[in-house]
Amino acid sequence: MEAFIEETVGRAAPSRAEEADAARERAEAAREDAEFARQELFAAIDLERLDALAADRADARRVRAQNRRRRAVDASEEVARRLAELTPVLPIPPESMNVILDRVTFIRSFADAGVVIDSNIGSLDSWARYRLSASADAITETGLGRLSFFVLWHNPRTEAVVVNVGPRVVVNAHLSVDADWNGVASWFIAGSEARATVRARTTVWAMWDATVHAIVHDRILASAGATGGFFGGDDSASIAFNEFLPGAGFTVPAQASILIEVEILTEHVTTSGSIELDAESGAFRVEVPHLILTLT
């Protein structure tokens, strides 16, 4: 199964970063353009003083952002209690058979897609503490964070069935982005940017054919974005989510197996900036307590 995931699931999201040489060339040209313009303006304007002002204000802005994040961590235990009290309901068609899977098979991330700090697999108690951090300099970089809960299910019947996968997903986390200050350079170049979107996604993989798979549910949980400009910029979003993710039907042949991936996917792009998804500090974590499979 590990080989299947490395060869199939792990390669499902190719990198979308710009071609490195061309990106470096554009970034270097932008820096040269900014420097030429700075030299022309230097005699009339105290550019160093303006850049010092931008740096000072950016430091103060980052302190405020850190304080907001600290408050989110402090509130995480209360958020966890509120989420635990919720009882989401999965709409189930009449005259269908339901199978309850009370634990996942395993939990993992992928290379350059974040780190699983701690995890547990148990009856109605499967969870992970996870952190994703990414940054870039003047060359724009894109990437994906992936925290995945995998469940293997075998169709015991002698005929094909249509399976609707409904995992319960609980997310208590904090998303933050930061775009660097650019000072005087912002007058001449596009500047910095940091953007991220966190999604909950369910994908079903056919174990009998690695080319057959389907995204059966996709939900945006949070987004944050900032541009740098003169002083820099930041943005953040707290995530408090506890719902079933109802999935579209997937046909499973008789005696065949499927691999269900319940994923917290973070799409991000940065230029002279950084992003972070914190699902580890305080009471932050991601849970998939159980799944309901509806068979027709």
Side-chain angles (χ1 to χ4, degrees), residues 1-16 90 92-93 96-116 119-122 126-128 130 132 143-171 197-221 243-267 279 286-296:
M1 189 185 305
E2 286 287 347
F4 178 89
I5 290 173
E6 289 294 340
E7 292 297 321
T8 306
V9 181
R11 295 182 180 178
S15 171
R16 298 172 296 171
L90 177 68
I92 297 175
S96 60
M97 176 181 176
N98 301 320
V99 176
I100 298 177
L101 305 179
D102 70 344
R103 71 185 67 204
V104 303
T105 307
F106 59 96
I107 303 167
R108 65 165 293 177
S109 186
F110 296 85
D112 301 321
V115 179
V116 176
S119 64
N120 182 74
I121 294 176
S126 295
W127 52 264
Y130 168 82
L132 169 68
L144 292 176
R146 299 179 67 187
L147 169 64
S148 296
F149 295 74
F150 288 98
V151 184
L152 185 65
W153 181 76
H154 176 75
N155 177 15
R157 297 187 180 183
T158 56
E159 69 273 359
V161 295
V162 176
V163 179
N164 293 82
V165 179
R168 182 178 176 183
V169 177
V170 184
V171 182
T197 298
V198 181
R199 319 176 80 94
R201 176 177 291 180
T202 307
T203 305
V204 179
W205 302 85
M207 296 298 289
W208 64 89
D209 184 345
T211 65
V212 177
H213 66 278
I215 296 172
V216 297
H217 188 92
D218 187 90
R219 174 88 63 88
I220 293 178
L221 302 184
E243 292 186 25
F244 279 100
L245 306 181
F250 190 90
T251 301
V252 183
Q255 299 296 312
S257 297
I258 57 174
L259 186 65
I260 303 164
E261 181 183 13
V262 183
E263 179 181 29
I264 300 302
L265 180 72
T266 306
E267 303 166 315
V286 179
E287 306 172 42
V288 180
H290 62 289
L291 301 85
I292 296 179
L293 307 188
T294 303
L295 312 184
T296 54

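Atoms considered below: every heavy atom in the structure, side chains included; atoms not considered: hydrogens, waters and symmetry mates.
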Please examine the side chains of Val212 and Phe250, heavy atoms only from C-beta on, and report whether any two atoms are closer than 4.5 Å. yes

Just wondering, do Val165 and Trp153 contact through their side chains at under 4.5 Å, heavy atoms? no

About how many Å separate CE of Met207 and CG of Leu259, when rounded to the nearest 0.5 Å? 5.5 Å

Between CZ on residue Phe106 and OG on residue Ser148, distance to nearest 0.5 Å: 9.0 Å

Please give me the minimum heavy-atom distance between Gly145 and Leu132, naming the atom from each residue. CA-CD2, 3.7 Å

For residues Val151 and Thr105, report the shortest heavy-atom separation together with the two atoms involved. CA-OG1, 3.4 Å

Quick one, Trp208 and Ile258 - any side-chain contact, counting heavy atoms below 4.5 Å? yes

Working to the nearest 0.5 Å, report the span between CG of Leu245 and CZ of Arg168. 11.5 Å

Roughly how far, to the nearest 0.5 Å, is the CG atom of Leu265 from the CZ atom of Arg146? 7.0 Å

In terms of heavy-atom contacts, His217 and Gly247 come closest through CB-CA, 4.4 Å

Atom of Ala128, atom of Val116 and distance for their closest heavy-atom approach: CB-CG1, 4.3 Å

Could you check whether any side-chain heavy atom of Val161 comes within less than 4.5 Å of a side-chain heavy atom of Met97, counting everything from C-beta outward? no

Distance-only donor-acceptor pairs under 3.5 Å for side chains of residues 286-296, two or more places apart:
residue: Glu287; atom: OE2; partner: Arg285; partner atom: NE; Å: 3.4
residue: Thr294; atom: OG1; partner: Asn98; partner atom: OD1; Å: 3.4

List the atom of Ser257, the atom of Leu152, and the distance in Å for their closest heavy-atom pair. CB-CD1, 4.4 Å

So does His213 get a backbone contact from the side chain of Asp209, meaning a donor-acceptor N/O pair under 3.5 Å? no

Between Ser109 and Gly114 (side chain of the first, backbone of the second, donor and acceptor by atom type, cut-off under 3.5 Å), is there such a pair? yes

Find the distance between OG1 (Thr203) and CD1 (Ile215) and round it off to the nearest 0.5 Å. 5.0 Å

Can you give me the closest heavy-atom contact between Asn120 and Gly122, atom names plus distance? ND2-N, 3.8 Å

Heavy-atom check, side chain of Ile260 versus side chain of Pro167, under 4.5 Å: no

Within the distance-only criterion (no hydrogens, no angle test), does the side chain of Asn155 pair as donor or acceptor with the backbone N or O of Ala256 below 3.5 angstrom? no

Neighbour count above 12 (heavy atom, 6.0 Å) for Asp102 CG: yes

Would you say Leu147 and Ile107 make side-chain contact, with heavy atoms under 4.5 Å? yes

Under a 3.5 Å distance rule, please check whether Gln255 uses its side chain to pair with a backbone N or O of Arg157 as donor and acceptor. yes

